[in-house]
There are 6 protein chains.
Amino acid sequence: MGNRIAVINPNSSTTVTDDIDRALEPLRTSGGETIDCLTLADGPPGIESQTDVDGVVMPLCDLVKAQDNTAAAFVIACFSDPGLHAVRETTDKPVFGIAESGLLTAMTLGDRVGLIAILASGAARHARYIRALGIESRFAGEAAVGLGVTELADEARTLARMIETGQQLRDDHGANVLVMGCAGMARYRGTLEDTLGLPVVDPTQAAVGMAISAVRLGYRTT
Amino acid sequence: MGNRIAVINPNSSTTVTDDIDRALEPLRTSGGETIDCLTLADGPPGIESQTDVDGVVMPLCDLVKAQDNTAAAFVIACFSDPGLHAVRETTDKPVFGIAESGLLTAMTLGDRVGLIAILASGAARHARYIRALGIESRFAGEAAVGLGVTELADEARTLARMIETGQQLRDDHGANVLVMGCAGMARYRGTLEDTLGLPVVDPTQAAVGMAISAVRLGYRTT
Amino acid sequence: MGNRIAVINPNSSTTVTDDIDRALEPLRTSGGETIDCLTLADGPPGIESQTDVDGVVMPLCDLVKAQDNTAAAFVIACFSDPGLHAVRETTDKPVFGIAESGLLTAMTLGDRVGLIAILASGAARHARYIRALGIESRFAGEAAVGLGVTELADEARTLARMIETGQQLRDDHGANVLVMGCAGMARYRGTLEDTLGLPVVDPTQAAVGMAISAVRLGYRTT
Amino acid sequence: MGNRIAVINPNSSTTVTDDIDRALEPLRTSGGETIDCLTLADGPPGIESQTDVDGVVMPLCDLVKAQDNTAAAFVIACFSDPGLHAVRETTDKPVFGIAESGLLTAMTLGDRVGLIAILASGAARHARYIRALGIESRFAGEAAVGLGVTELADEARTLARMIETGQQLRDDHGANVLVMGCAGMARYRGTLEDTLGLPVVDPTQAAVGMAISAVRLGYRTT
Amino acid sequence: MGNRIAVINPNSSTTVTDDIDRALEPLRTSGGETIDCLTLADGPPGIESQTDVDGVVMPLCDLVKAQDNTAAAFVIACFSDPGLHAVRETTDKPVFGIAESGLLTAMTLGDRVGLIAILASGAARHARYIRALGIESRFAGEAAVGLGVTELADEARTLARMIETGQQLRDDHGANVLVMGCAGMARYRGTLEDTLGLPVVDPTQAAVGMAISAVRLGYRTT
Amino acid sequence: MGNRIAVINPNSSTTVTDDIDRALEPLRTSGGETIDCLTLADGPPGIESQTDVDGVVMPLCDLVKAQDNTAAAFVIACFSDPGLHAVRETTDKPVFGIAESGLLTAMTLGDRVGLIAILASGAARHARYIRALGIESRFAGEAAVGLGVTELADEARTLARMIETGQQLRDDHGANVLVMGCAGMARYRGTLEDTLGLPVVDPTQAAVGMAISAVRLGYRTT
């Protein structure tokens, strides 16, 4: 297994996988870990509902099993952390969900965490998860960009909406650190930070950072 | 500043600093960050009370100021996270406290976090901090090794007490992941994990892992 | 659809389905709802892990779709509430999970709810769910019967363990109402109540009770 | 006692009792429970303050005692759940408060519960009760219709205000299920659901639904 | 009204009122407030159930009304804080409940508050109130002396049981400050403090202390 | 030591100390405690950051040590409660922080506590402290006057901003009791109460009130 970290995009979009891959470039060093980004071929084009979330778990477990001999850690790169605990039962390697890692990392950078969501329809799902994580007293709230897949291809428009959303979280909800509630959006991070004056966490970057530490330190898993 | 991470032991014991330094070896890679461990010369021999904690903050800020031009991130290596927020005001580099980082990292490895404390007298201080972090619903409780500085030099005895303490947290408090509430104890981690069958987090390792990610990703600080 | 309530046992054991069916007899009245108990043929023999839970969601959604024209409400009769929110997206009929309904019903019968679990291995999964429900301040804790499927067939032994477990929850955890963390155990309820002197909730009975109200009152679902 | 459920309106308004009675019609079936609505003759015309709430407890206990031989369960039909725990001490039949039952039922229909209150002056009283129930993390907030008894007789005006209030809870507070904070308003439920696109719970209907289950299942009380 | 504080014992035992009166002696100063202890003649001999609590509210409001012209503040001297909010509606003078005041005062003297209760049967009632106050994260738990009225007359036995109870709260529940869950027990406070090595709060003393401040500072009430 | 209460202003402004001194006049009685207001000569002109807070702790402990023989209780008169727990380790006299005392006192006067802060920059520091106190479910939020030291000298402008801030807390955050988040502002309290129709707590008055009780009752400290 060496030191290879397998980052799995559970939707079938290789464009998203490529965006994730580029975002992880700063975490690669010459003597460091191999970070491989994989696409779940059986996944839906996008994960937008609880049904989408639950629907990828079994294929995801299968892919993890297939990769288990060659990976030292796994990252599930979808903000709903699909199958996080099932995958943890599947492998004895450390497994990181990007929502869990992104939110916990944000808690080291600010006091109240705001979530830039893509769609408003995920709010109840996110709320359940924030409560399950036990961190609701640090959660400022979420606001949604509200753009569909096609519209997200328009980068200028997407950025403009992310900025508006971030301002709303900062000014109305009192957030002082933001998490992007989606994989594959890291390219907007710098501009968001500069425009909003707040730290912004790309959750996949955060999760891979945690995976690097876990691989080096060799945590036992339960 | 390059990519140098300054890890500051806020007590004056260079033995502890050396223990910390050794514990960080797995986090050093050829093309990676420089991790320097510094001793706060003005600190007390050990930090055992709230007065000790508060007493190191100003010297710590001074040391951070002196290192600010040559460090890309700071880690405060005492489980009471002395001066964490004052240091964050002192520098615009990311700053990690080992308690904050250790507890949040543990939340990715298990559901209920148990704390192996050194002295029972810190319980109320830890309880205040756990509440301030907003993670009390994930906190299983703490149990103390109960050994003084001299006794801690007896490694067999220390290990035996850590195992007893860990068993108590696992069996009586329902912890399924443990954090060592002290810097410089990482050498016991492997044996504890194997004996207890649970992941065990050395908080300084966890914080330096987070600092590595932060240096690579360049988070804005607020 | 009329007034037919479809109760789905998501494991493949028809013995369990039959036990559930018998337990619902008191909820059937001459002029009242039809309560049909179905077995998820594709389910595993028992649901004991998060992987088992996640694995039944898609087949469960398929079964719900197939029954959607003839059912007025659905009950998912497994204490992990597998796929509860995915099923709610699948149908516009009200859907009840037995854990959610059982725990909330218990909150009308006592102040602190204790959970008689079958296996100790579900504790972290239950803890996540209790937090997600937002009711942890009413949760006294759980204790496990600790018997496997074969051993559960020995009714005297099962009852004895349930009584011991209930006493532990009552005396050590301060529970004053108990929920059985499993479908198909209602036949022990009366004896448990009499022996322990506490109300005991069979969660499937509770969920079907809620489904009956929902069918009569015609709640809109979101 | 048979299967008679006694629903007690603790204010002296028989108009309200009649409204409650009509609202319970869907819960009556030929072979099912008898649902009798009683008026507390000694109650005030309306219950609008904590003093009103506390003032009805002793007469309510007296009425429950007088009905104890002929009732299988009791429902206290005032949203402040006056005397809920005193009545539970008075009888060994199950007793349901409409606030408790309505709020818990709403938690099965949506993630964040909004409360349509009649008067703004009850907000602190409701807040204390929501905390006492331990469900504040599921509570989106309340907004008040703000009409007095006479004005409430104007049904068009009342409905219009309820819709405005519901929109405020949905759009500003993020509620995705609503509870009407009053007995005797069920006739507005359907229109509210259709206009707002959210489930709306009439708390008396919810409580009587729970009472029906309790009667059939014969829960022991403590 | 001047500066007279009316302390009302809501049970009819003048022995208890006398005990309360003696306990308040240290709070009387030559130039200070008049502290008058009154007995609610209509109260029961002791307040041991929720029915007892609710039963005294109306007589208590009547007594407060009768005293309103001559009192500058009121203290309700029963640990269930009967009618606290109804009395606050009855008068525009500040009103203090001894449970509320005692628990909040204890939070300034230690981190985790343990409650020495008289009877175990009050636990659920206390738990509801602790949650309603919103301070459950500071509450270590309660343990009961378990003596009836007659037995409480045996002071040696009562003290012995209070010490045992306090030790249990300190050693098993982690309490580092204690509150006596009863009026009229202040004479045991000094011995308890010395024996247990913890601060012990008599709640009536705490409430009268708060009332003195309120009278001097003239807080507006809402 | 007698009955002298030492109130320490940890900033070096004697104007603020004088304002505090005048605010405590109503708490002085002929036969009562001596209340002495001291200025921490080594403190900064104002305490506006976490660094300012932490910077005064050691000098504060020194001053407390110097006063320990002649004081019966200490009050730390800065809303960040600098060094509260370190000072509690330094002396065995009771020690009160004005934030802790002010917030807890407010909880006896209203249900939801709003904080009139001076500067917006303290919000995260206050949020951490509110969580550490475990009272966040009673906290309505904070709003800042937003005036610097020079501007605060303009009393009309300061009062106008305090009123606006209080209205915002009352109307937008649902606060029904307010705490002034600063020492030395008590002279605005009466006007604020009358204008806003809510109780307003000056935290130094609240803390000295608690200190008076503690001195009279002689609480053991831990």
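So you know, we letter chains A, B, ... as the sequences are listed, proteins then strands, and number each from 1. The basis for the numbers below is simple: all heavy atoms, side chains too, and nothing from hydrogens, waters or symmetry mates.
- The backbone N or O of C:Gln50 lies less than 3.5 Å from a partner atom in the side chain of A:Glu89, making a donor-acceptor pair.
- C:Ala86 and A:Asp54 make their closest contact through CB-OD2, 3.4 Å (heavy atoms, listed as atom of the first residue, atom of the second, distance).
- At a heavy-atom separation below 4.5 angstrom, chain C is approached by A:Ser49 within residues 33-49 of chain A.
- Annotation: residues 117-135 of chain A contacts chain C through A:Arg128, A:Arg131, A:Ala132, A:Leu133, A:Gly134 [non-hydrogen atoms, separation under 4.5 Å].
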